Amino acid sequence: MGLCESAWVLRVSSHRVFFFWYAQESSAGVWVDRYLYHMRLSDDVLLDVMARFQAEMVKGLGRDTNPTATVKMLPSFVRSLPDGSEKGDFLAVDLGGSQFRALEVKVFNDGRQSSQLESKFYPTPKEVIQGSGAELFSYVADCLSDFMESRNLKHKKLPLGFTFSFPCKQTELEEVRFLLSWTKHFKARGVQGTDVASSLRKALQKHKDIDVDVLAMVNDTVGTMMTCGYDDPRCEVGLIIGTGTNACYMEEMRHIDLVEGDEGRMCINTEWGAFGDDGALDDLRTEFDRELDLGSLNPGKQLFEKMISSLYLGELVRLILLKMTKEGLLFNGKVSAALLTKGKIEMKHVSAMEKYKEGLSNTKEILTELNLFPSEDDCIAVQHVCTIVSFRSANLCAAALAAILTRLRENKKLLRLRTTVGIDGGLYKTHPQYPKRLHKVVRRLVPNCDVRFLLSQSGSAKGAAMVTAVAYRLAAQRKQIDAVLAPFVLSLETLRDVKNKMRTELEYGLKRETQDRATVKMLPTYVCGTPDGTEKGKYLALDLGGTNFRVLLVKIRSGRRRSVRMYNKIFAIPLEIMQGTGEELFDHIVQCIADFLEYMGIKGARLPLGFTFSFPCRQASIDKGTLVGWTKGFKATDCEGEDVVDMLREAIRRRNEFDLDIVAVVNDTVGTMMTCGYEDPNCEIGLIAGTGSNVCYMEDMKNIEIVEGNEGKMCINTEWGGFGDNGCIDNIRTKYDKEVDEGSLNAGKQRLSESLRSKVSDQKSIPRILFSSFSFSFSRVLQETVKELAPRCDVTFMLSEDGSGKGAALITAVAKRLHNIGQK
Ligand code: 0WK
Ligand code: BGC
């Protein structure tokens with residue numbers, strides 16, 4: 001079915017039409033059809049190829065599956081189509097297709113999407129593209145220098161967009177690009193796995209008379225999509241059918257596991273040429289495909305490309321004709337030396353033989369040049385071979401493209417997709433029938449997609465210039481961003497200085513004579529022991545001070561069945577309660593406890609309770625805590641200077657509905673240390689980096705001067721949030737920190753905690769781009785910096801899965817255990 005050419009319709013008068021019908025029905029046509037049966041792909045087979053390719057795309061997008069995927073789905077970091085704001089003069093280099101050229105691209109922001117291109121072609125001699133990598137890049141640099149000379153541009157500092165049409169892994173638009181593998185007719189040594197962008201930069205630096213900034217590197221598919229996108233904003237697919245073949249398209253960020261962020265879209269370079277390199281298409285590959293691959297520069301690689309692109313179709317035809325001739329089916333079985341020569345039949349020959357009018361005479365001429373002395377039937381048969389080979393190419397291309405179009409439609413949750421595909425490439429541009437065949441098959445495979453095929457008029461270089469313009473804009477923006485953020489970048493030396501100042505403040509807080517004016521309060525917690533596994537029983541725990549207020553029931557088992565099970569309910573603390581009266585706040589807390597006890601059906605039980613109260617409290621004992629000062633947006637009145645345990649007991653009494661045995665009040669850092677200590681007895685520090693920030697640790701009693709006794713250890717709640725309130729770190733405080741502090745509820749207080757938080761919360765003053773990377777890299781930076789500043793400390797960071805509520809219950813259990821021992 002696939003091969004029908006609808007010759008009937010067009011021109012009834014000339015014998016050509018008759019010839020085609022005849023070829024189809026002629027004996028030559030029939031035996032060739034049979035001979036190449038496996039190359040004629042039905043729509044069912046194409047739909048199956050489409051489904052296989054869709055599965056490969058998903059594999060390539062997945063973080064875990066990408067390493068083994070053949071279709072690499074490479075993020076291009078191009079996140080948007082040109083928006084018309086691009087402007088300026090750019091240089092562009094276009095390497096990887098059949099022609100290597102250097103260009104000057106002028107983009108005018110005149111609202112008419114106008115641009116001007118000047119270019120010069122340069123040969124790509126075999127010894128250069130298959131020589132050493134260094135020679136290749138210095139050749140590119142020489143050509144660019146020659147071009148700039150010819151255009152009198154040597155005096156200008158110009159940004160360069162580099163179209164490099166090979167599979168490259170990259171990290172950001174203007175950052176490194178690792179060449180994954182050469183394809184097509186390129187095979188320069190020492191380049192694979194290296195950063196191509198820096199190789200080009202190095203080669204250009206040798207030219208002291210030119211000043212070029214390699215700002216963006218794109219694949220030719222991406223360049224083509226951007227070029228066409230400049231004229232048609234619907235263009236979201238870039239397709240190359242040339243020496244090689246490939247496609248890119250705009251994918252949803254949420255589907256791209258390899259890049260941080262879920263918002264918006266990014267252009268994915270599919271590198272579909274490698275489809276089937278894992279054997280996925282072996283049922284469709286013929287002996288001729290296998291033979292061609294064995295004779296290629298990269299056997300076993302780019303198998304899909306080798307069934308489609310112009311570098312290979314001519315050779316496929318040669319291998320088929322050679323076998324037919326050896327079997328006596330053509331040219332009376334006389335094989336010529338030319339027919340035995342690899343690469344003797346090229347794409348231009350195939351296209352010429354398939355021309356409507358002069359196809360037959362071209363065929364005769366070409367076969368004669370190959371010393372084959374063809375009969376008319378031979379010519380017809382050879383033409384038919386060409387048609388079958390190029391038709392299969394268009395069919396396979398259509399199947400993969402249809403898979404991409406279907407994905408776009410599904411990503412947008414549309415019943416019908418209307419889109420534009422930007423195309424370039426010699427095969428598509430020069431083969432007489434190719435575009436029509438491709439369009440027709442695509443429309444048959446995806447009838448619910450209205451596809452406009454837009455041929456790129458100026459090649460991918462204009463697109464590369466667009467991407468460069470975006471990179472230029474981003475680079476300029478990045479410079480501004482970096483300038484704004486420079487004060488936030490603290491050198492190791494500055495961090496060491498902060499560390500030493502913190503050390504001084506810690507000791508300040510521990511000493512009796514300086515404790516009362518210390519900014520780092522170093523508050524004793526009366527937690528002296530960690531769980532020893534004998535704890536057991538049911539405990540209530542409250543967790544107030546983080547993002548949410550939680551009430552928990554904690555069941556602790558000891559011995560062989562040692563375990564901790566928790567049931568909890570999260571309650572909101574409305575702003576008017578956080579900033580109302582103390583009585584209202586504690587009544588609200590007791591209301592939540594009542595709801596929880598009701599919900600758990602344990603209203604009558606007088607359970608021991610641990611109260612995680614994550615604000616600075618001066619404690620006189622485990623169950624006494626006087627609030628030093630509110631932080632983190634809390635401002636309830638009549639609380640500062642009050643014992644919060646008493647206030648809770650008062651509120652319970654006021655409610656007169658149930659009674660609880662409040663055994664301990666703990667800071668969330670202490671609860672966290674205890675929670676992790678239950679799993680790892682080495683845990684002796686608790687760190688909170690959340691709404692607020694604070695740390696506690698086990699200090700030797702002999703160093704805690706305000707508490708009697710020198711034996712053993714006690715946990716100290718440092719309340720390091722106050723560090724710097726005396727101005728000792730003003731040298732690193734930025735105007736943004738000051739702005740946040742002035743706008744906070746407790747200006748001048750909690751400078752460290754606020755500045756840590758401000759870096760997270762007040763995004764308005766910090767550009768968005770930083771935020772996204774900030775979140776990903778917080779714990780990593782913390783751990784790496786600790787390693788640098790305390791190299792002799794081997795620190796394990798253990799994330800507390802259960803929060804500090806569990807810790808509060810454990811502390812209550814330990815306190816109860818110690819209390820019971822004391823009673824005996
Ligand atoms: C023209 C584009 C270039 C791309 C080429 C592909 O400007 O970037 O590589 O098309 O077609 P080919 O020259 O391989 O036929
Ligand atoms: C390369 C692609 C390129 C395509 C078209 C393939 O061989 O792997 O990166 O886009 O050729 O030039």
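FYI, the numbering just counts along the sequence from 1. Keep in mind that the numbers below use all heavy atoms, side chains included, and drop hydrogens, waters and symmetry copies. Whatever order the structure lists them in is the order used to number ligands and atoms, beginning at 1. This one's a predicted model, so the numbers in the text were calculated from it and none came from an experiment.
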Exercise. Looking at Arg392, Glu291, Lys306, which hits side chain to side chain contact (heavy atoms under 4.5 Å, CB included) with Leu316?
Worked result: Arg392
For this session: Using distance alone, decide if ligand 1 has a nitrogen or oxygen within less than 3.5 Å of any nitrogen or oxygen in Gly96.
Result: no
Exercise. In the protein, which heavy atom is nearest to atom 8 (O) of ligand 2, and how far is it?
Worked result: Glu271 OE1, 2.6 Å
Problem set entry | Atoms of ligand 2 close to Phe166 [distance to a heavy atom under 4.0 angstrom, numbered from 1] | 9 (O)
Problem set entry | Test: Lys72 and Glu271 ion pair at under 4.0 Å | no
Exercise. Should you measure from each heavy atom of Ser165, which atoms of ligand 1 turn up under 4.0 Å away?
Worked result: 9 (O)
Problem set entry | Option whose closest heavy atom lies nearest to atom 11 (O) of ligand 1, chosen from Gly425, Ala464, Gly97 | Gly425
Exercise. Any N or O of Ile240 that comes nearer than 3.5 Å to an N or O of ligand 2?
Worked result: no
For this session: Look at ligand 1 and say whether Gly223 reaches it with a heavy atom at a distance under 4.0 Å.
Result: no
Seminar exercise, completed: Taking only non-hydrogen atoms of Thr163 and a 4.0 Å limit, the atoms of ligand 1 in range are 8 (O)
Exercise. What protein heavy atom is closest to atom 8 (O) of ligand 1, reported as residue, atom name and distance in Å?
Worked result: Ser460 OG, 2.5 Å
For this session: Pull out every atom of ligand 2 sitting under 4.0 Å from any heavy atom of Gly244, numbered as shown with elements.
Result: 5 (C), 11 (O)
Problem set entry | Identity and distance of the protein heavy atom lying nearest atom 1 (C) of ligand 1 | Asp424 OD2, 3.4 Å
Exercise. So do Lys59 and Val71 actually touch side chain to side chain, heavy atoms under 4.5 Å?
Worked result: no
For this session: Please check if atom CZ in Arg443 has more than 12 non-hydrogen atoms from other residues, nucleotides or ligands closer than 6.0 Å.
Result: yes
Seminar exercise, completed: ligand 2 atoms nearer than 4.0 angstrom to some heavy atom of Asn219 are 2 (C), 3 (C), 9 (O), 10 (O)
For this session: Return the residue, atom name and 0.1 Å-rounded distance of the protein heavy atom closest to atom 4 (C) of ligand 2.
Result: Asn246 CB, 3.6 Å
Exercise. Considering Gln302, Lys184, His185, which one's heavy-atom position lies nearest to atom 11 (O) of ligand 2?
Worked result: Lys184
For this session: Compute whether any side-chain donor of one residue and acceptor of the other, for Asp424 and Thr224, lie under 3.5 angstrom apart.
Result: no
Exercise. When you measure from the side chain of Ser460 to the backbone N and O of Gly463, does any donor-acceptor pair fall under 3.5 Å?
Worked result: no
Problem set entry | Check: Ser98 N/O within less than 3.5 Å of ligand 1 N/O | yes
Exercise. Looking at Asp211 and Lys157, does any basic side-chain N land under 4.0 Å from a carboxylate oxygen?
Worked result: yes
Exercise. Got the closest protein heavy atom to atom 3 (C) of ligand 1, with its distance?
Worked result: Asp94 OD2, 3.2 Å
Problem set entry | Neighbour count above 12 (heavy atom, 6.0 Å) for Lys120 NZ | yes
For this session: Around atom 6 (C) of ligand 2, find the nearest protein heavy atom and jot down its residue, atom name and distance.
Result: Glu305 OE2, 3.0 Å
Exercise. Judging by distance only, is a nitrogen or oxygen of Thr221 under 3.5 angstrom from one on ligand 2?
Worked result: no
Exercise. In the protein, what heavy atom is nearest to atom 14 (O) of ligand 1, and what distance, to one decimal place, separates them?
Worked result: Thr243 OG1, 2.4 Å
For this session: May I ask you to check if Arg52 and Phe275 form a cation-pi contact, with NZ or CZ under 6.0 angstrom from the six-membered ring centre and within 45° of the axis?
Result: no
Problem set entry | Which of the ligand 1 atoms, numbered from 1, are nearer than 4.0 Å to a heavy atom of Gly242 | 11 (O), 12 (P), 14 (O), 15 (O)
Problem set entry | Side chain Thr419, main chain Val451, donor-acceptor under 3.5 Å | no
For this session: Without swapping roles, check the side chain of Arg444 against the backbone of Asp43 for a donor-acceptor pair under 3.5 Å.
Result: no
For this session: Kindly check if the number of other-residue, nucleotide or ligand heavy atoms within 6.0 Å of NE2 (His38) is above 12?
Result: no
Exercise. Closer than 4.0 angstrom: is that true for some heavy atom of Pro167 and an atom of ligand 2?
Worked result: yes
Seminar exercise, completed: Among non-hydrogen protein atoms, atom 1 (C) of ligand 2 lies closest to Ser165 O, 3.4 Å
Exercise. Can you tell me which residue and heavy atom of the protein come closest to atom 12 (O) of ligand 2, and the distance to 0.1 Å?
Worked result: Asp220 OD2, 2.5 Å
Problem set entry | atom 15 (O) of ligand 1: nearest protein contact (heavy atom, Å) | Gly426 N, 2.7 Å
Exercise. Considering only heavy atoms of Ile240, which atoms of ligand 1 have at least one such atom less than 4.0 Å away?
Worked result: 6 (C)
For this session: Taking only heavy atoms of Gly459 into account, list the atoms of ligand 1 that are under 4.0 Å away from them.
Result: 7 (O)
For this session: Look at Asp282 together with Arg285 and state whether they make a salt bridge at an N to O cut-off of under 4.0 Å.
Result: yes
Exercise. Under 4.0 Å between a Lys/Arg side-chain N and an Asp/Glu carboxylate O for Arg318 and Glu315?
Worked result: yes
For this session: Would you check whether Asn269 has a nitrogen or oxygen atom less than 3.5 angstrom from a nitrogen or oxygen atom of ligand 2?
Result: no
For this session: For Ser145 and Lys154, test the side chains for any donor-to-acceptor distance below 3.5 angstrom and give the result as yes or no.
Result: yes
Problem set entry | Residues Glu251, Arg407: salt bridge by 4.0 Å N-O rule | yes
For this session: Starting from atom 4 (C) of ligand 1, locate the nearest protein heavy atom and write down its residue, its atom name and how far away it is, to 0.1 Å.
Result: Asp220 OD2, 3.4 Å
